[in-house]
Amino acid sequence: MKAVIAMSGGVDSSVAAYLLKKQGFEVVGLSFELWDQRDRQNPNVCCSAETIDIAKDVARKIGIEHLTIDVRDAFYRYVIEDFCNSYISGTTPNPCILCNRYIKFKSLLEKAEEIGADIIATGHYARTGTGGKEEGKREKGNKRFFLRKGVDSKKDQSYFLYVMTQKELSKTVFPLGGLKKDETRSIAIGLGLASATRPESQEICFIANGNYVSFIKGFAPEALQPGSIINTEGKLVGEHKGIASYTIGQRKRLGIQTTKPYYVTDIDRQSNTVIVGSKEDAMKKTFKVKKLNWISINSLLSPMRVEVRVRSTTTEKPATIIPEKNQRVTVKCDELQLAPAAGQSAVFYTGDLLIGGGIIE
């Protein structure tokens, strides 16, 4: 059997490719050429020019074929433009989710069909089956393919995968889903892979040194026009540097002199105003979610008890999701949530089973 695996040059995808070969697959590594102005001075970002070279070196080391495909046009259209427009409109995007939705898995499937591969894979810490010795077997119930959290709770990446389609899940395996990160790195060190000791990639892959504000300034200078910062009572408390520099829930770098910390509670694009308030003002129990994608169910027909994660770095909290018109749901949390930000994703779970998710309004 043949497998196509996304290879970024990082330790995770490198070890995932090795494990597939060890399982007997004929493996083809696939790297993505994403962006014309990739930062060669910051080689630790995903899919930089240097990391693609590392992926090629790893492929040679473990004895698999390696290919590179040019997806720059699609990446600009579906990821970069959306990223910039979101900040310009006062919402907070998640480019990794956009890439998974429009670029990564679509490209993997197309390449698999082109070369006659049976499955596709990535180095994400998630599971399409029950994990452990069963990893690689896809759990199937009610004619649907399921998605579960990775065993390593600190590295679980299922949040970023809620946009996957049933067709994609039916062909996908995650070789690292049953491993801890330390185990992955130990395997890479034992193999002497070039990616073994590379630091974690935390940067947005198309932005040099994490400076997204400068990037957006080049895309749309009007997004960085100064304006007023007012509190929830309507009082002027400061001046902002452009709404693209702020996100809901932000506490630092507001430039406001106050005895109590302010948090960004809202952003008004039309008036070019940032609204701030207390931590309590930034808390919400209820919010709406749109652009839904369901994994373990066909659709939501009645209220359902779940655990909801409102940011990739937070833990899930108990909630009830209620179906509404226009393919939306209302999320009613049992406890107050800090700053569910418009544009971020809310993802629903039952235990380690991912139910679905969507974009916070």
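We number each residue from 1, following the sequence as shown.
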> May I have all residue pairs that pass ring pair (Phe, Tyr, Trp, His ring centres under 6.0 Å) and include part of residues 240-288, sequence neighbours excluded?
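Listed once each, the pairs are His240-Tyr246.
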> Under the ring pair (Phe, Tyr, Trp, His ring centres under 6.0 Å) rule, what pairs show up with a residue in residues 58-84, not counting sequence neighbours?
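Checked against ring pair (Phe, Tyr, Trp, His ring centres under 6.0 Å) - neighbours excluded - the pairs reaching residues 58-84 are Phe75-Phe206, Tyr78-Tyr102, Phe83-Tyr87, Phe83-Phe206.
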> Using a 3.5 Å cut-off and no angle test, enumerate the donor-acceptor pairs between side-chain atoms of residues 321-344 and protein atoms at least two apart in sequence or in another chain.
{"unit_1": "Glu324", "atom_1": "OE2", "unit_2": "Thr330", "atom_2": "OG1", "d": "2.8"}
{"unit_1": "Arg328", "atom_1": "NE", "unit_2": "Glu361", "atom_2": "OE2", "d": "2.4"}
{"unit_1": "Arg328", "atom_1": "NH1", "unit_2": "Asn326", "atom_2": "O", "d": "3.1"}
{"unit_1": "Arg328", "atom_1": "NH2", "unit_2": "Glu361", "atom_2": "OE2", "d": "2.9"}
{"unit_1": "Thr330", "atom_1": "OG1", "unit_2": "Lys288", "atom_2": "NZ", "d": "2.8"}
{"unit_1": "Asp334", "atom_1": "OD1", "unit_2": "Arg305", "atom_2": "NH1", "d": "3.0"}
{"unit_1": "Asp334", "atom_1": "OD2", "unit_2": "Arg305", "atom_2": "NH2", "d": "2.8"}
{"unit_1": "Gln344", "atom_1": "NE2", "unit_2": "Thr92", "atom_2": "O", "d": "3.4"}
{"unit_1": "Gln344", "atom_1": "NE2", "unit_2": "Pro93", "atom_2": "O", "d": "3.0"}

> Could I get the full list of salt bridge (Lys or Arg N to Asp or Glu O under 4.0 Å) partners for Asp182, not counting sequence neighbours?
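Checked Asp182 against salt bridge (Lys or Arg N to Asp or Glu O under 4.0 Å); zero matches.
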> Which residues pass the salt bridge (Lys or Arg N to Asp or Glu O under 4.0 Å) test with Asp352, not counting sequence neighbours?
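Asp352: salt bridge (Lys or Arg N to Asp or Glu O under 4.0 Å) contacts with Arg127, Arg148.
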> Whether the side chain of Asn100 engages the backbone of Phe105 through a donor-acceptor N/O pair (distance < 3.5 Å, no angle test) should be reported.
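No, because the side chain of Asn100 does not come within donor-acceptor range (under 3.5 Å) of the backbone of Phe105.
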> Other hydrophobic cluster members with Ile275, side-chain heavy atoms of Ile/Leu/Val/Met/Phe/Trp/Tyr under 4.5 Å, chained?
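Via sub-4.5 Å side-chain contacts, Ile275 links to Ile230, Leu236.
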> Under 4.0 Å between a side-chain nitrogen and a carboxylate oxygen: does that hold for Lys167 and Glu113?
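Judged by the 4.0 Å cut-off on N to carboxylate O distance, Lys167 and Glu113 do form a salt bridge.
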> What pairs meet the salt bridge (Lys or Arg N to Asp or Glu O under 4.0 Å) rule with one or both residues in residues 3-13, with sequence neighbours excluded?
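Applying salt bridge (Lys or Arg N to Asp or Glu O under 4.0 Å) to every pair that reaches into residues 3-13, excluding sequence neighbours, yields Asp12-Lys181.
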> Using salt bridge (Lys or Arg N to Asp or Glu O under 4.0 Å) as the criterion, list what pairs up with Glu81, not counting sequence neighbours.
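None.
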> Answer yes or no: is there a donor N or O on one side and an acceptor on the other, between the side chain of Asp152 and the main chain of Leu179, under 3.5 Å?
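Absent.
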> Provide the full list of salt bridge (Lys or Arg N to Asp or Glu O under 4.0 Å) pairs with a residue in residues 272-284, sequence neighbours left out, each pair given once.
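Salt bridge (Lys or Arg N to Asp or Glu O under 4.0 Å) check on residues 272-284 returns no pairs.
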> With Arg101, which residues qualify under side-chain hydrogen bond (donor to acceptor under 3.5 Å, both in side chains), at least two apart?
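For Arg101 there are no side-chain hydrogen bond (donor to acceptor under 3.5 Å, both in side chains) partners, ignoring immediate neighbours.
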> Salt bridge (Lys or Arg N to Asp or Glu O under 4.0 Å) with Asp73: which residues, sequence neighbours excluded?
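Result, salt bridge (Lys or Arg N to Asp or Glu O under 4.0 Å) vs Asp73: none returned.
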> For Glu316 and Arg309, indicate whether the former's side chain and the latter's backbone hold a donor-acceptor pair under 3.5 Å.
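Side chain of Glu316 to backbone of Arg309, a donor-acceptor pair under 3.5 Å: no, none is there.
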> Got a sec, which residues hit side-chain hydrogen bond (donor to acceptor under 3.5 Å, both in side chains) with Asp268, two or more places apart in sequence or on another chain?
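For Asp268 the side-chain hydrogen bond (donor to acceptor under 3.5 Å, both in side chains) partners, ignoring immediate neighbours, are Ser271.
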